[in-house]
Number of protein chains: 2
Amino acid sequence: MEKDISTEEKIKNAARKVFHEKGYGQARTRDIAEEAGINLALLNYYFRSKEKLFDIIMKESLQEMFGLIVNLVNAEDINLSDKIDMIVARYIDSISKNPNLPLFVLSEIQANPHKIIENVGLKGKSIANNFLFKQIQEQIDKKGIKGVTPLQIFINIVSMSIFPIVGKPLLMNLHAPFGEKEYEIFIEERKALIPQWIKMMLQIDE
Amino acid sequence: MEKDISTEEKIKNAARKVFHEKGYGQARTRDIAEEAGINLALLNYYFRSKEKLFDIIMKESLQEMFGLIVNLVNAEDINLSDKIDMIVARYIDSISKNPNLPLFVLSEIQANPHKIIENVGLKGKSIANNFLFKQIQEQIDKKGIKGVTPLQIFINIVSMSIFPIVGKPLLMNLHAPFGEKEYEIFIEERKALIPQWIKMMLQIDE
DNA sequence: GTCTATAGACTGATAGAC
DNA sequence: GTCTATCAGTCTATAGAC
């Protein structure tokens, strides 16, 4: 199935998988080479070093994690209620397909905050002053909700969507009996529940 | 300030710090020894190997993360509303003091699920059927709330409390201008807001 | 471009003196 | 118990053949 893609792409796919699973520290270039079905030397031929390969994967991973909802957040032709539905659905679907992504990004930043943020280009970008925040603020003002900011609501959306997926192994071991099937149902239920809860917080009536 | 504690304790404190920051893979035994102010050989004298030392720290970390609220969750003499307040406050305070803890635990489980769960004793324990879940279920039944389970609510409490602390570095870089001071206020606000939101979900009137 | 073989650096762990 | 010195293994990276 990966017959017609370039060697470079094969290595990147393998690197993404291994880095996401093990993290930079525990990932071995040999693992990546083996996973890609090529020789170790070839990895350095294409990417010069483990670190350079990592930087590329990290940059793409950040893109993957935030690019997901950037369009949605900034869209001016979608009303707040629909937008909440769509952000939750998109986050849960996307992270479910790539469950290691958030923990990879977050823990690498924790292990090496300066490097990731400076070298991989995250500096200066801001999520404040986007259209979604404006829509939330309008709703807060309209209903006279006290003490709530758009950022708080946004963090709630992200928290409630991502955390149960990030914590899947923990959840499946702590809440027995909880098999794959039960977990899937649990997440599917959340896809409907989270928007309801967010709208409750913002007093959006449907 | 650490004059009267044993060498063993000094090493454990150093190990906890280094492991929590860097994770197992990127932590070096030499870093731990230096942080503890002792020689590398002494680390192996007390703990035989990096892995054994890690297992001890991981066991304690899990204890730290869950032991926190076990008493609270099982307490039969605290009503649901107060319990929600206390769980949120305790989680936020404790994780704020030890912000690397959750990501350390979660990402090590991700990197090595079998090992952590089997070797470090997490198997068989269940959070279902505790008194908090019973209290939440009663409230759900009483109000006739549809489609919501105690587990969903519990995950919401944990998600909304932990995630903003875990994601602090990201948050502080993505939502400029956001300094230490602003972040502290943001978290302090959440301490009051999260219980309100949870009670909203459960239709608890105060 | 892709391989084998190996250099060179780092890391965990131990031997042995005190 | 604590140290210095060092080994043995592993890892990244490269040289060089094809």
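Below, chain A is the first sequence line, B the second, and so on; all start at residue 1. What you see is a predicted model, and the numbers here were worked out from it, not measured in a lab.
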Return the value, rounded to whole Å, for the distance between atom CZ of A:Arg28 and atom C1' of C:dA9. 14 Å

Between A:Asn39 and B:Thr7, the residue closer to the 5' end of DNA chain D by nearest nucleotide is B:Thr7

Starting at CG of B:Asp31 and ending at C1' of C:dA13, how long is that distance when rounded to a whole Å? 16 Å

Picking from C:dG1, C:dG12, D:dT2, the nucleotide nearest the side-chain atoms of B:Lys50 would be C:dG12

Proximity to the side chain of A:Leu42 - top-ranked nucleotide from D:dA13, C:dC3, C:dA13: C:dC3

Among C:dC3, C:dG12, D:dT2, the one nearest B:Tyr45 by side-chain distance: D:dT2

In this structure, how many angstroms lie between the C1' atom of D:dT10 and the NZ atom of A:Lys22, rounded? 15 Å

Tell me whether the side-chain N or O atoms of B:Arg30 pair up with the base of C:dG12 as donor and acceptor below 3.5 Å, since no angle test is needed here. yes

Looking at B:Thr29, does any N or O in its side chain come under 4.0 Å of the phosphate oxygens OP1/OP2 on C:dG12? yes

Using a 4.5 Å cut-off on heavy atoms from C-beta on, say whether the side chain of A:Leu53 contacts that of A:Met58. no

Taking the six-membered ring for Trp, are B:His20 and B:Phe104 parallel (under 30°), tilted (30 to 60°) or perpendicular (over 60°)? tilted

Would you classify B:Leu40 as touching base, sugar-phosphate or nothing, given that sugar-phosphate means primed atoms plus P, OP1 and OP2, and contacts are heavy atoms under 4.0 Å? base

Taking all atoms of both residues into account, what is the closest heavy-atom pair of A:Leu106 and B:Val166, and its distance? CD1-CG1, 3.9 Å

A:Ala41, nearest nucleotide to its side chain (from D:dA13, C:dC3, D:dT4): C:dC3

Integer-rounded Å distance: C:dA13 C1' and B:Phe54 CZ: 19 Å

